[in-house]
Amino acid sequence: MSDYYVGKKEYFPKVGKIKYEGPKSDNPLAFKYYDPEKKIGKKTMKDHLRFAVAYWHSFCADGTDPFGSATLAQPWKTDAKKPMDAAVHKLDAAFEFFSKLGVGYYCFHDRDLAPEGATPAESEKNLFTMVRKAKKLQKATGVKLLWGTANLFSHPRFMNGAATNPEFGVVALAATQVKAAIDATIELRGQGYTFWGGREGYMSLMNTDLKKEKDHLARFLIMARDYGRKHGFKGTFYIEPKPMEPAKHQYDFDTETVIGFLRHYGLDRDFRLNIEANHAELAGHDFIHELETAAAAGFFGSVDANRGDARNGWDTDQFPNSYYETALAMYAILRAGGFTTGGLNFDAKIRRNSIDHADLFLAHIGGMDAFAAGLVIADKMIADRKISAFVKKRYISFNTPEGVKFAGGKMTLEQLSAIGEKVGYGKAGLKSGKQEYLENLFNQYLLGL
């Protein structure tokens, strides 16, 4: 009996179950560092990393770009006579891929799973027809839904935003999608629900009431949260920061901006952040910066694992392949306590000229190996304690009675100023940050993999 799922038709017949063969293997269709059952600390790699496949990039994207038509073959689409038939075939192909790759989770938008109908009611009917099928395949394969979401950016009706749209009717139509998508996530026992404000922003301030749009966005999120909780959703709501593209400016610009927004509108108890590496780069930040910022404020939740291209100013959504970046990312994630309802979702797409079906496997294998290696490196960094000990020592002066009093808010500016008079100028502040030493030490961990 096969150890992977195949429906009525096998869509990837030349690829079998992907297995761990170790770093010396020459087999491109094998893991070199990702050994699912290997223990890192008290948890297996599989449980630490919680890998998920993004349904939209892997099974909906066809290679189309602004300069050319589709290049990627999609037999699950070409074999079908009707849109719903294509949706069924696509679901079969997806679960075959999930089970052969050996991931535990997937993520989807509502319109990825089922086509839009002629009315909101028909759209919801289509969605739940597919939800029932997905539920059966989840049970058959053991693959779970990491998080669901609604596509509130592709259709022309959302060209001016969804929750922030200047037309009330469009806001109401967005609600029909979000309500159904939350229901679908609950039915599939999704562990999270994500909001990405793809067009929740502005193209020009000349025609925008910025305060009104932010207020409306917050009101919409409050309603969605209340609906979800009322109907039994116990998972985490996520917001995914992105600074621009497609909008000139999006209201979820970066991690700090989103945290401020959530706190301002009283949404900080229910919402956490789904941080994407490529979006961090577009915001002018390093990936680890966004992770550390979220963790420091208690808002770390989940990750969209990908990368950008420093030479391109747009969201290229490439698969992660830098062990340097994944090690730093896992170092931040482990110190934040690791994933609970979140995970590493490969919000990445194969390149337009990667047209072999095996390429989709190769891309995910590379990304999974990169984060597995990053996990091993990060675990060694934490266990060794050299970096954490250095950081702790750097702030040791705040352990003095005066430092504790200052940090605890029990000191006035006059008292702090008086201490400054005693310290005097001298050599205050002239202690090396040892950046080069720490960077060299990190490379030792990296190369010692």
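When side chains are defined from C-beta on, F158 counts as touching Q177, because their heavy atoms get closer than 4.5 Å. When side chains are defined from C-beta on, Q250 does not count as touching E200, because their heavy atoms never get closer than 4.5 Å. Put simply, the side chain of Y238 does not reach to within 4.5 Å of the side chain of T149, judged on heavy atoms. For the pair T341/W147, no side-chain contact is recorded, criterion being any heavy-atom separation below 4.5 Å from C-beta on. Looking only at side-chain heavy atoms (C-beta outward), V103 and M368 come within less than 4.5 Å of each other. Within the 4.5 Å cutoff, the side chain of V53 has heavy atoms near those of the L101 side chain. Using a 4.5 Å heavy-atom cutoff, the side chains of Y105 and L145 are not in contact. The shortest side-chain heavy-atom distance between F220 and V178 falls under the 4.5 Å cut-off.
Under the 3.5 Å distance criterion, with hydrogens and angles disregarded, a donor-acceptor pair is assigned to the side chains of N274 and D304. Side-chain atoms of E213 and Y251 include a donor-acceptor pair closer than 3.5 Å.
Considering every non-hydrogen atom in both I182 and F237, the closest pair reads CD1-CE2, 4.5 Å.
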Evaluate the criterion salt bridge (charged side-chain N to carboxylate O under 4.0 Å, His left out) for residue pair E21 and K32; output intermediate values, then yes/no.
CA-CA 6 Å; E21 294 184 5; K32 311 302 186 297; over 6 Å; no

Show the numbers, then the answer: is there a salt bridge (charged side-chain N to carboxylate O under 4.0 Å, His left out) between D183 and K179?
CA-CA 6 Å; D183 287 339; K179 174 181 173 295; 3.7 Å; yes

Evaluate the side chain to side chain contact (heavy atoms under 4.5 Å, CB included) criterion for residues H279 and E290: first the C-alpha distance (whole Å), next the side-chain angles of each, then the deciding distance (0.1 Å), finally the verdict.
CA-CA 10 Å; H279 292 177; E290 292 291 86; over 6 Å; no

Side chain to side chain contact (heavy atoms under 4.5 Å, CB included) evaluation trace for V258 with F299:
CA-CA 10 Å; V258 173; F299 280 86; over 6 Å; no

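For Y227 and H231, the gap between ring centers is short of 6.0 Å. F346 has its ring centre less than 6.0 Å from the ring centre of F51. Ring pair W196/F153: centre-to-centre distance below 6.0 Å. For F300 and F339, the gap between ring centers is short of 6.0 Å. Under the 6.0 Å cut-off for aromatic ring centres, F97 and F59 qualify, their centroids lying closer than that.
For K43, the NZ atom is densely surrounded, since the number of other residues' heavy atoms within 6.0 Å is greater than 12. No more than 12 heavy atoms of other residues, nucleotides or ligands sit less than 6.0 Å from atom NZ of K248. Crowding of K386 atom NZ: a count of heavy atoms from other residues, nucleotides or ligands under 6.0 Å not exceeding 12.
A salt bridge is absent between R219 and D215: the closest approach of a Lys/Arg side-chain nitrogen to an acidic carboxylate oxygen does not fall below 4.0 angstrom. Between R157 and E116, at least one side-chain N (NZ, or NE/NH1/NH2) sits under 4.0 Å from a carboxylate O, which counts as a salt bridge. Remark: K135 engages E187 in a salt bridge, criterion side-chain N to carboxylate O under 4.0 Å. Comment: R307 does not engage E281 in a salt bridge, judged by the lack of any side-chain N to carboxylate O separation of less than 4.0 angstrom.
In this structure, S123 contributes its side chain and G117 its backbone to a donor-acceptor pair below 3.5 Å. Looking at T326, its side chain does come within 3.5 Å of a backbone N or O of Y323 through a donor-acceptor pair. Within the 3.5 Å criterion, the main-chain N or O of R311 finds a donor-acceptor partner in the side chain of D309. Judged by distance alone, the side chain of D369 and the main-chain N or O of Y33 form a donor-acceptor pair under 3.5 Å.
Applying the side-chain hydrogen bond (donor to acceptor under 3.5 Å, both in side chains) rule to pairs touching residues 81-92 yields Y5-D92, sequence neighbours excluded. Judged as a side-chain hydrogen bond (donor to acceptor under 3.5 Å, both in side chains), the pairs with a partner in residues 63-74 (not counting sequence neighbours) are, in order, D62-T64. Listed by first and then second residue, the salt bridge (charged side-chain N to carboxylate O under 4.0 Å, His left out) pairs involving residues 257-280 are R225-D270, R229-D270 (not counting sequence neighbours).
Relative ring orientation between F98 and F95 is described as perpendicular, the plane-to-plane angle rising above 60° on a 0-90° scale split at 30° and 60°. Under the 30°/60° scheme for interplanar angles, the aromatic rings of Y55 and Y106 are found to be tilted.
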Can you give the donor-acceptor pairs under 3.5 Å from side chains of residues 437-449 to other protein atoms, not counting sequence neighbours?
unit_1: E439; atom_1: OE2; unit_2: Q435; atom_2: NE2; d: 2.9
unit_1: N440; atom_1: ND2; unit_2: E436; atom_2: O; d: 3.4
unit_1: Y445; atom_1: OH; unit_2: D384; atom_2: OD2; d: 2.4

Using residues 357-367 as the side-chain source, report each donor-acceptor pair under 3.5 Å to any protein atom, sequence neighbours left out, with the distance given to one decimal.
unit_1: D359; atom_1: OD2; unit_2: I355; atom_2: N; d: 3.3
unit_1: D359; atom_1: OD2; unit_2: D356; atom_2: N; d: 3.0
unit_1: H364; atom_1: ND1; unit_2: L360; atom_2: O; d: 2.9

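Exactly one of D254, I275, T255, L273 qualifies for a side-chain contact (heavy atoms from CB on, under 4.5 Å) with T293. That residue is T255.
Taking the side chain to side chain donor-acceptor pair (under 3.5 Å) definition, one finds that Y331 meets it with nothing, sequence neighbours left out.
A distance of 4.0 Å separates CG in D315 from CG in D317, rounded to the nearest 0.5 Å. To the nearest 0.5 Å, atoms CG (L267) and CD1 (I222) are separated by 5.0 Å.
A cation-pi arrangement is present between K100 and Y4 under the rule of less than 6.0 angstrom and at most 45 degrees off the ring axis.
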